[in-house]
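Lettering of chains follows the sequences in order, A, B, ..., and the numbering in each one begins at 1.
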Number of protein chains: 2
Amino acid sequence: MDELDRQILDILRRDARTPYTEIAEQVETSEGTVRNRVERLTSDGVIERFTISTRTGNIKAMIEVSVKVEVDTTRISELMAEWEEVDFVWQVSGEEDVVLVVDAADTRAVNELITKARELDEVKSTKTRLILDERLGRSP
Amino acid sequence: MDELDRQILDILRRDARTPYTEIAEQVETSEGTVRNRVERLTSDGVIERFTISTRTGNIKAMIEVSVKVEVDTTRISELMAEWEEVDFVWQVSGEEDVVLVVDAADTRAVNELITKARELDEVKSTKTRLILDERLGRSP
DNA sequence: TATGAAAGACTAACTAA
DNA sequence: TTAGTTAGTCTTTCATA
């Protein structure tokens, strides 16, 4: 991981469809070098995946979920990852155990999701925050 | 937004480099239809961007930041988005005001980031959770 | 929806460090 | 032996009918 890698990642993070030739021009190297590096970064797992970020609805939110002590959080995470409108499920350290990042049509849809979570026996409590604004960092 | 759109988004979310021809095959339509739909979804803002998810370090974490009442959270967000190792900055509703999603080399690097946040006059407190596992949802 | 031109990505052989 | 370059070929995208 050197400065060139970081520059390439930065460009892809902003637009993963930027052609290798154009990246090469921007970072002042050849297309082949960019391609080799992207391949290496991908196989090394630095690039986890090429993906899209979406906004299907008008609301993004994070729902923090506390589960009972004896519950397998991995199983709960798998379950919740299958729910409509859930973008990510994080298992986290700290007070809560699982965080859902959701993209929903409206507040009603978010509320339904919260209800669905609360209805599970394994769930002790939830805490929801609406994401009012998302800003892309310059990392890495 | 119909079922076909949702299927296309689902495929792109898992691998945004999937060729239109291959998507078309999977959803049983023509390449042109897929292309038109992706273009429409992009211009409508449903697809916010084509991007990469990365893991440059070994630690991912979310740092929840409380700022003083009188502080402009947008300005703070802009500032923090410039910090190394920060993937996203969210302005959120609820107890805390800003959430940083970070990707760092090790716990020491996470700690430095927390310290940096706490050293700001505008920051009242922080709460950190390590992200132990990330699971991709099937949304939308 | 079908087709061909243009753009981009990939292969493989080569060069330099 | 690894990283980088380049020319030729193949694939994908895109515009047009």
Side-chain angles (χ1 to χ4, degrees), chain A residues 1-57 87 103 134 136-140, chain B residues 1-60 84-85 87-88 103-106 109 134 136-140:
Chain A
M1 273 283 287
D2 57 11
E3 187 48 33
L4 185 57
D5 282 344
R6 266 181 281 273
Q7 283 181 296
I8 293 169
L9 291 173
D10 202 32
I11 291 166
L12 290 176
R13 178 186 288 277
R14 286 181 162 70
D15 181 5
R17 284 177 143 188
T18 314
Y20 290 155
T21 46
E22 199 183 313
I23 298 173
E25 213 173 297
Q26 281 187 44
V27 303
E28 292 178 338
T29 183
S30 70
E31 178 271 342
T33 298
V34 174
R35 186 157 33 78
N36 289 337
R37 290 210 174 211
V38 171
E39 273 163 20
R40 202 199 64 230
L41 289 165
T42 304
S43 67
D44 286 358
V46 173
I47 297 176
E48 289 176 313
R49 73 180 77 88
F50 285 76
T51 186
I52 52 173
S53 80
T54 57
R55 174 171 285 266
T56 52
D87 277 1
D103 170 15
E134 178 175 272
L136 201 57
R138 48 174 233 88
S139 162
Chain B
M1 274 283 286
D2 57 12
E3 188 48 33
L4 185 57
D5 282 343
R6 266 181 281 273
Q7 284 181 296
I8 293 169
L9 290 173
D10 203 33
I11 291 166
L12 289 176
R13 181 184 285 278
R14 285 178 164 69
D15 181 5
R17 294 214 279 193
T18 315
Y20 291 156
T21 46
E22 199 183 313
I23 298 173
E25 211 173 298
Q26 284 186 44
V27 302
E28 291 176 341
T29 183
S30 68
E31 178 270 340
T33 300
V34 174
R35 183 154 39 80
N36 291 335
R37 296 229 174 189
V38 171
E39 274 164 18
R40 202 201 62 229
L41 289 165
T42 305
S43 66
D44 286 357
V46 173
I47 297 176
E48 290 178 312
R49 72 179 78 88
F50 286 74
T51 187
I52 51 173
S53 79
T54 57
R55 176 171 285 267
T56 52
N58 291 309
I59 308 279
K60 283 199 179 190
E84 288 281 350
E85 304 177 311
D87 277 1
F88 297 105
D103 169 16
D106 48 37
E134 178 175 275
L136 201 56
R138 45 172 236 92
S139 163

Using a 4.0 Å heavy-atom cut-off, write out nucleotides 1-17 of chain C from 5' to 3' as B (base contacted by protein), S (sugar-phosphate only) or - (no contact). S------SSBB------
Does anyone know the first and last nucleotide of DNA chain D in reach of chain B, 5' to 3', at under 4.0 angstrom to a heavy atom? D/dT12 to D/dA15
With B/Arg37, which residues qualify under side-chain hydrogen bond (donor to acceptor under 3.5 Å, both in side chains), at least two apart? B/Asp2, B/Asp5
Would you please name every residue forming a salt bridge (charged side-chain N to carboxylate O under 4.0 Å, His left out) with A/Glu28, sequence neighbours left out? none
So, using side chain to side chain contact (heavy atoms under 4.5 Å, CB included) as the criterion, who are the partners of A/Arg49 when residues are at least two apart? A/Thr51, B/Ser53, B/Glu134, B/Leu136
Going by the rule salt bridge (charged side-chain N to carboxylate O under 4.0 Å, His left out), which residues pair with A/Arg35 if we only count those two or more places apart in sequence or in a different chain? A/Glu31
side-chain hydrogen bond (donor to acceptor under 3.5 Å, both in side chains) against B/Ser30, all qualifying residues, sequence neighbours excluded: B/Thr33
For B/Asp44, all residues meeting salt bridge (charged side-chain N to carboxylate O under 4.0 Å, His left out), sequence neighbours excluded: B/Arg40
Output all residues satisfying salt bridge (charged side-chain N to carboxylate O under 4.0 Å, His left out) with B/Glu48, sequence neighbours left out; order by chain, then residue number. A/Arg55, A/Lys60
